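Treat the numbers as computed from the prediction; the structure is a model and nothing was measured. Every heavy atom of this structure was used, including side-chain atoms; hydrogens, water molecules and symmetry mates were not.
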Amino acid sequence: MTINWLQAAILGLFACLCSNSCMAGQAVGNYTIGRPLVGGLVCGIVLGNLQLGIACGVAMQLVYIALVTPGGTVSADVRAISYIGIPLAMVAISSQGLNPLGGSAANLAKSVGTLVGTVGTVLYYAVATMNLVWQSFGWKDVHNGKLDKLTAVNFGWPWVSHALFSFLPTMLLTYYGATAVTALQTALPMDGIAMKTLFTVGGMLPCVGIAILLRQIIGRVVDFIPFFVGFTLAASLHLNLVSVTVVSLMFAVIVYELEMSRGSKPTNGTTADGPSDENAEEDI
Amino acid sequence: MENTNNSHTLDHKTLTKSFHRWFWGALTCFSQEHMQTFGYMASMLPILRKLYPKHEDQVKAIKAYTAFFNTNPMLGTVIVGITASMEQARANGKEIDGETINDMRAGLMGPIAGIGDSLIDGTLIPILLGISLGMSSGGSPLGAIFYIVAWVLIAYFGQRFLYFRGYRFGGQAVSFLVGKQGAAVRHAIGIVGSMVVGGVLASWVNVTTSLKLYGSNGKVFLNLQDKLNSIYPGLLTVLITLFCWWLMTKKHVSAIWTMLILVVISLIGVLLGFFNPGLSY
C-alpha cells in the first residue's frame, strides 16, 4: 500500500478540521472527525481499504477512549493519531502482510498510533501559539472598535495556523512516512525483540487509556466496585457492551432513587424518568 | 419570553446565530493564553449588534467579554445562553453591568468544566464509543457511522437545548446541574460509566502471558495463563490497568511516562519469555 499526494492532501485537510482547536467546531471536529474510530472510517475510504481502516481505528480508539483535556492540556493529539497514525499503521500492517482483523495488526496499530499521537502534541501547541498572532490582531480590532473583523479573527485566520501545523505536517508525514514504514519492515524482523516488545506494548496501551478514565470517575475505593462488576459481566459472563449498559441502568435507577430520597422530604413525580442525560435535562 | 416589539428583545434568529457561532467556533482561535475568549466574543457579536444599534455601545458592551474564558465547550453553552439574557436585561436598563456578567461567567466556568469533563468526556463519550466499537468489530463501518450520527445529534440538540435554557432561565438554568437532583443524576450516570468502562476493558483488552513451564518429559506442567483464567478471567488485564491507575493517581506519573514504563515492562517480559505475541512472517 502506498499513499499518493492527493490522498495525503485529503488527510491533511481532515487534520485541520479535527485537531483540538479545530476548524469544524468542537463537537463535530474534535469529538467526531478526530475520534480514531471515525478517523479509521475516513482513512479507510481515502486509502481504499475500508476494512483495514476501521480495524486500525477500532484498535486506536481503545487507547484513546477517554481523551479528557482538563484546562486545555493534552497528552495526545487527535489529528496526529487519526490522520497520521492510522494511515501509517495501515501501510505497516499491509506491508507486513498481517491479517487486518487479527490481534497482531491491532497491537501494531496501537503502538504506531500512540507514538505518533504523543509526538503530535507538538502540533497542538504550535497551532495554539500561532493563534496568538491572530488574537493580537483581534485585541487591536476590539480596541479600535472594528468589531466586524472579530469574525475573521475567530473563523478565518486560524486556518493559516492549521495550514502550517496541521495540513503540511500531515501531508508530508503520510506521504514520506509510508515509504519509511515499508522500509522498516526489512530492518526489523517480526520475531526480533524490538517487534515483540512493540506488539506487547500495543496490547497494553489501552490500559493507560482506561486508567485515565478511571482517574476521572473514581473518587473513593468503593467506586471500583461498579467497574469490577462491569468487567466481570463481560469477562466471565461474556455479555456484550449493550447488555452491560442495560444492566448498569438498573443500578443507576437504584442509586438515583436512593439519593433523591435521602433528603428530608420525599420527592414527587420527577424521579420516574430514567437517569439518562437527556431526560435529566428535560425533567425540570 | 415576552413578546413586546421592543428592539431590546432578542429574537429567535439572533439567538440561533449566536448559538451556531459558539457551536462551530468556540475553540477555533484557541491559544493557551486566552483559550475560548475569542470564540465567546464572536458568538456574542450578533447579540450585541441586535441589542445596541449604536456602534459605540457595541464597542463598550464587548469589553465585558474580553476577560479570559475557558470551560467545557459542550456544557458551557448554557453560560453563553445565560449571558445573552443578561445582556438583554442590561440593554433594557436593568442594573447589570459588565462586571456582574463577568462574575457570573467566571463563577460558572469552573464547575461547568468539571461537571462537563466527567459527564461528557468521561462518561457519555466512552459509553457511546464502547457500543460503537462493538458494532465495528470485524472491520464493519457500522459502528463508526452509528457514533457519528448518535453523537452529532446529541451534541447539536443537547447544546441547542442548553443555550436556550440558559437564555430563558438565566442564572437558574444551572440549578439542575449543581443542585440535589443534578448530583443524584450525575452519581447515577457515573455508575453506568464505571460499569461500561469495565465492560470495555474486558471486551477489548486482553493482556496474556505466554509463560509455560515444561517438565523433564517435555510436557507442560504449568500453563500460567490457564491458571490465571481459572482464578479470575482477565486478571492480568485488570492488574495492568490498576497499576497504570496507581501510577497516575497515587504517584502522579504522567500518561506519557506511564506508557514508557509499560515499554520497559514489555521488554523485560519479552526477554524473560513472559510475553510473546507469537509473530512470524
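Within the 4.5 Å cutoff, the side chain of A:Thr151 has heavy atoms near those of the B:Arg21 side chain. Using a 4.5 Å cut-off on side-chain heavy atoms (C-beta onward), B:Ile265 and A:Thr200 make no contact. Looking only at side-chain heavy atoms (C-beta outward), A:Cys207 and B:Val205 come within less than 4.5 Å of each other. A:Phe231 has its side chain out of reach of B:Val197: every pair of non-hydrogen atoms, C-beta onward, lies at least 4.5 Å apart. Taking 4.5 Å as the limit, some side-chain heavy atom of B:Pro141 sits within range of a side-chain heavy atom of A:Leu50. In this structure, A:Asp223 and B:Ser194 have side chains that are not in contact, with every pair of non-hydrogen atoms separated by 4.5 Å or more. With contacts defined as side-chain heavy-atom distances shorter than 4.5 Å, the pair A:Leu214/B:Met248 does not qualify. Between B:Phe275 and A:Lys196, the closest side-chain pair of non-hydrogen atoms is not below 4.5 Å.
Looking at A:Asn144, there are no atoms closer than 4.5 Å to chain B (heavy atoms on both sides), in backbone or side chain. Looking at A:Ile218, the atoms closer than 4.5 Å to chain B (heavy atoms on both sides) all sit in the side chain, from C-beta outward. When heavy atoms are compared at a cutoff of 4.5 Å, B:Gln159 approaches chain A solely by way of its side chain, counted from C-beta outward. In this structure, the portion of B:Ile125 lying under 4.5 Å from any heavy atom of chain A is its side chain and not its backbone. Using a 4.5 Å cut-off between heavy atoms, B:Thr66 contacts chain A through both its backbone and its side chain. Contact annotation for B:Lys63: only side-chain heavy atoms (C-beta onward) come within less than 4.5 Å of a heavy atom of chain A. With a 4.5 Å cut-off on non-hydrogen atoms, B:Leu247 does not touch chain A at all. For a residue to count as touching a neighbouring chain, one of its non-hydrogen atoms must lie under 4.5 Å from one of that chain's; by this rule A:Leu233 touches chain B with the side chain only. Using a 4.5 Å cut-off between heavy atoms, B:Val270 touches chain A through its side chain atoms alone. Contacts of A:Leu147 with chain B are made by both backbone and side-chain atoms, with heavy-atom separations under 4.5 Å. Contact annotation for A:Thr232: both backbone and side-chain heavy atoms come within less than 4.5 Å of a heavy atom of chain B.
The aromatic rings of B:Trp245 and A:Phe224 sit perpendicular to each other, their planes meeting at more than 60°, with 30° as the lower class boundary.
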side-chain contact (heavy atoms from CB on, under 4.5 Å) between A:Asp148 and B:Arg49: does it pass, once the steps are laid out? CA-CA 10 Å; A:Asp148 293 340; B:Arg49 282 207 189 105; 2.8 Å; yes
Begin with the C-alpha distance, continue with both residues' side-chain angles, and end with the deciding distance and a verdict on side-chain contact (heavy atoms from CB on, under 4.5 Å) for B:Tyr156 and A:Val28. CA-CA 9 Å; B:Tyr156 181 80; A:Val28 173; over 6 Å; no
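Nearest heavy atom pair, residue A:Ile54 against residue B:Ala144, reads CD1-CB, 4.2 Å. Considering all non-hydrogen atoms of both residues, B:Ala184 and A:Met260 come closest at CB-SD, 3.6 Å. The two residues A:Ala235 and B:Pro233 make their nearest non-hydrogen contact at CB-O, 3.8 Å. A pairwise comparison of heavy atoms in A:Leu101 and B:Gly138 identifies CD2-C, 3.5 Å as the closest pair. For the residue pair A:Phe155 and B:Ala42, the shortest heavy atom distance occurs at CE1-CB, 4.1 Å. Across all their heavy atoms, B:Ser31 and A:Asn131 have their closest contact at CB-CB, 4.5 Å.
Put simply, CD on A:Gln26 and CG on B:Leu27 are 4.5 Å apart, with the number rounded to the nearest 0.5 Å. Note that OG1 of A:Thr245 and CD1 of B:Ile131 are 4.5 Å apart. Values are rounded to the nearest 0.5 Å. Atom CD1 of residue B:Ile62 and atom CG of residue A:Leu150 lie 5.0 Å apart, to the nearest 0.5 angstrom. If you take CD1 on B:Ile256 and OG1 on A:Thr121, they are separated by 5.5 Å, rounding to the nearest 0.5 Å. Atom CG of residue A:Leu241 and atom OG of residue B:Ser132 lie 10.0 Å apart, to the nearest 0.5 angstrom. The CE atom of B:Met135 sits 10.5 Å away from the CG atom of A:Asn240 when rounded to the nearest 0.5 Å.
Around CZ of A:Phe251, the count of heavy atoms belonging to other residues, nucleotides or ligands within 6.0 Å does not exceed 12. By the 6.0 Å contact criterion, CH2 on B:Trp151 is enclosed, its count of non-hydrogen atoms from other residues, nucleotides or ligands being greater than 12.
If you look at A:Trp139 and B:Phe38, their ring centroids are closer than 6.0 Å.
In summary, the side chains of B:Tyr147 and A:Thr32 do not present any donor paired with an acceptor at a separation below 3.5 Å, with no hydrogens or angles considered.
The main-chain N or O of A:Gly145 is found under 3.5 Å from a side-chain atom of B:His55 such that the two form a donor-acceptor pair. A donor-acceptor pair is defined here as one N or O able to donate and one able to accept, closer than 3.5 Å; no such pair exists between the side chain of B:Thr241 and the backbone of A:Ala211. When atom types are taken as modelled, the side chain of A:Asn154 and the backbone of B:Thr28 share no donor-acceptor pair closer than 3.5 angstrom.
Residue with the most contacts toward chain A among B:Val200, B:Thr258, B:Thr237: B:Val200 (heavy-atom pairs, distance under 4.5 Å). Among B:Gly130, B:Ala155, B:Gly134, the residue making the largest number of heavy-atom pairs under 4.5 Å with chain A is B:Gly130. The greatest number of non-hydrogen atom pairs below 4.5 Å with chain A, out of B:Val152, B:Val196, B:Ile127, is found for B:Val196. For the options A:Gly156, A:Gly44, A:Ala55, A:Ser236, heavy-atom pairs under 4.5 Å to chain B are most numerous at A:Ser236.
Residue A:Leu37 is tested with B:Ile145, B:Leu129, B:Ile148 for a side-chain contact (heavy atoms from CB on, under 4.5 Å); the sole match is B:Leu129.
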